[in-house]
> 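I have a structure here, written as structure tokens, and I will follow up with some questions on it.
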Amino acid sequence: MADNQVHEPYNIFYFLAFLVVLALPTLPAILTWLRVVNDYARF
């Protein structure tokens with residue numbers, strides 16, 4: 001039981017890190033999409 005309490009935060013940390021790594025390739029697409037939306041909002 002002590003083992004589970006020790007490993008749980010690490011599992012959450014690795015899961016969050018995994019999500020960040022998955023989201024990294026989409027960052028340029030998100031930035032360009034925001035740029036396009038801002039350009040359309042100006043008109």
Side-chain angles (χ1 to χ4, degrees):
M1 288 179 73
D3 241 11
N4 288 339
Q5 288 175 357
V6 169
H7 285 294
E8 201 171 326
Y10 291 110
N11 287 339
I12 292 170
F13 173 75
Y14 284 131
F15 179 70
L16 290 176
F18 180 67
L19 290 180
V20 169
V21 169
L22 285 181
L24 279 177
T26 64
L27 275 180
I30 291 171
L31 290 176
T32 53
W33 183 78
L34 287 175
R35 215 173 281 162
V36 169
V37 169
N38 285 334
D39 284 340
Y40 282 131
R42 287 179 192 159
F43 291 114

> Looking only at heavy atoms, which two atoms of Thr26 and Ala23 are closest? And how far apart?
OG1-O, 2.6 Å
> Taking side chain to side chain contact (heavy atoms under 4.5 Å, CB included) as the criterion, tell me which of Asn11, Ile12, Leu19 meets it with Phe15.
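Among Asn11, Ile12, Leu19, the one meeting side chain to side chain contact (heavy atoms under 4.5 Å, CB included) with Phe15 is Leu19.
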> Please find the pair of heavy atoms, one from Leu24 and one from Pro28, that lie closest to each other, and give the distance.
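Residues Leu24 and Pro28, closest heavy atoms: O-CD, 3.7 Å.
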> Taking Ile30 as the starting point, is it possible to reach Trp33 by hopping between hydrophobic residues whose side chains are less than 4.5 Å apart?
yes
> Mind checking the CG-CG spacing from Leu34 to Asp39? Nearest 0.5 Å is all I need.
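CG of Asp39 is found 11.0 Å from CG of Leu34.
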